[in-house]
Amino acid sequence: MRRARIKPRSKIWIELDGRYLMGDGRAALLQAIDRCGSIIGAARELCISYRHAWGYIQKVESRLGMKIVETRRGGAQGGRTSLTKRGKDFLQKYLDFRAGINEEIDQRFARYFQRR
């Protein structure tokens, strides 16, 4: 019989006035938009619908009271979506806040649960 191993798991997000604002999923969406240059490309990459992705963006923008993405409609070269400067700054702050949290949790877990 295999010996089971326990591991810590956590989910981190930030709220604004008690309402969900940003977590790893929305951060991944913004990163994918930045990489792909489009909401539809980012949605495909993350296996979510365009409508779902657009809804995330609208909620964040509404709650922050600022634009985080800038869209340019089609034309000969096609459309493009990019993060605004404020959107990039907000995403980077979240990523900086999030960095190292799992490692800290792993260290605390080891202190209390690993054999000595």
Side-chain angles (χ1 to χ4, degrees):
M1 186 174 198
R2 182 173 86 89
R3 188 172 147 203
R5 296 182 199 188
I6 59 172
K7 292 183 178 183
R9 293 289 180 248
S10 64
K11 185 170 180 168
I12 305 293
W13 66 89
I14 57 177
E15 295 179 350
L16 178 62
D17 296 329
R19 293 169 54 198
Y20 183 90
L21 179 64
M22 176 71 75
D24 291 348
R26 289 183 183 175
L29 174 62
L30 295 181
Q31 288 176 303
I33 289 169
D34 201 34
R35 233 182 354 266
C36 296
S38 75
I39 296 170
I40 197 158
R44 283 182 184 141
E45 185 178 299
L46 298 174
C47 300
I48 62 174
S49 71
Y50 173 87
R51 183 177 178 173
H52 198 80
W54 186 240
Y56 276 172
I57 293 163
Q58 289 176 317
K59 284 179 184 171
V60 173
E61 288 183 340
S62 173
R63 290 178 186 161
L64 287 176
M66 67 180 191
K67 297 291 285 175
I68 60 169
V69 297
E70 179 176 61
T71 58
R72 280 169 269 163
R73 292 198 102 131
Q77 279 75 39
R80 177 144 182 87
T81 301
S82 58
L83 300 182
T84 64
K85 176 164 179 6
R86 294 174 87 185
K88 284 184 181 194
D89 291 345
F90 179 72
L91 174 60
Q92 191 59 56
K93 284 179 184 178
Y94 177 80
L95 295 174
D96 291 346
F97 153 73
R98 187 70 177 85
I101 287 178
N102 288 343
E103 292 78 8
E104 179 67 26
I105 289 170
D106 288 344
Q107 290 172 6
R108 290 181 60 87
F109 178 81
R111 194 172 336 142
Y112 294 104
F113 287 95
Q114 288 185 343
R115 292 183 183 176
R116 297 182 178 147

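Just so you know, these numbers come straight off a predicted model, no measurement behind them.
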Trainee: Who pairs with Phe90 by ring-ring contact (aromatic ring centres under 6.0 Å, His included), at least two apart in sequence or on another chain?
Mentor: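 Applying ring-ring contact (aromatic ring centres under 6.0 Å, His included) to Phe90 gives none.
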
Trainee: Below 3.5 Å, can you tabulate the donor-acceptor pairs from side chains in residues 9-23 to any protein atom, sequence neighbours excluded?
Mentor:
residue: Trp13; atom: NE1; partner: Glu15; partner atom: OE2; Å: 3.1
residue: Tyr20; atom: OH; partner: Gly23; partner atom: N; Å: 3.1

Trainee: Under the side chain to side chain contact (heavy atoms under 4.5 Å, CB included) rule, what do Ile68 and Leu91 come out as? Steps first, then yes or no, please.
Mentor: CA-CA 9 Å; Ile68 60 169; Leu91 174 60; over 6 Å; no

Trainee: Is the closest side-chain heavy-atom distance between Arg72 and Ser82 below 4.5 Å?
Mentor: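 They are in side-chain contact.
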
Trainee: Among pairs that include at least one residue of residues 47-68, which meet salt bridge (charged side-chain N to carboxylate O under 4.0 Å, His left out), considering only residues two or more places apart or in two chains?
Mentor: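 Found Glu61-Lys67.
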
Trainee: Pairs of donor and acceptor atoms involving the side chains of residues 31-40, under 3.5 Å and at least two apart or interchain, shall be tabulated with distances.
Mentor:
residue: Arg35; atom: NE; partner: Glu45; partner atom: OE2; Å: 3.4
residue: Arg35; atom: NH2; partner: Glu45; partner atom: OE2; Å: 2.3
residue: Ser38; atom: OG; partner: Gly41; partner atom: N; Å: 2.9

Trainee: What's the separation between atom CD1 in Ile48 and atom OH in Tyr56, rounded to the nearest 0.5 Å?
Mentor: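 These two atoms lie 6.0 Å from each other.
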
Trainee: If the condition is side chain to side chain donor-acceptor pair (under 3.5 Å), which residues does Thr84 pass it with, not counting sequence neighbours?
Mentor: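 Checked Thr84 against side chain to side chain donor-acceptor pair (under 3.5 Å); zero matches.
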
Trainee: Using every non-hydrogen atom in the two residues, find where Ala53 and Leu29 come nearest and quote the distance to one decimal.
Mentor: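 Where Ala53 meets Leu29 most closely, the heavy atoms are O-CD2, 3.6 Å.
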
Trainee: Are Asp89 and Lys93 close enough for a salt bridge, meaning some N to O gap below 4.0 Å?
Mentor: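 Salt bridge: no.
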
Trainee: Donor-acceptor pairs are to be reported for all side-chain atoms of residues 97-109 against protein atoms at under 3.5 Å, with residues two or more places apart or in another chain.
Mentor:
residue: Arg98; atom: NE; partner: Asp24; partner atom: OD1; Å: 2.9
residue: Arg98; atom: NE; partner: Asp24; partner atom: OD2; Å: 3.3
residue: Arg98; atom: NH2; partner: Asp24; partner atom: OD2; Å: 3.0

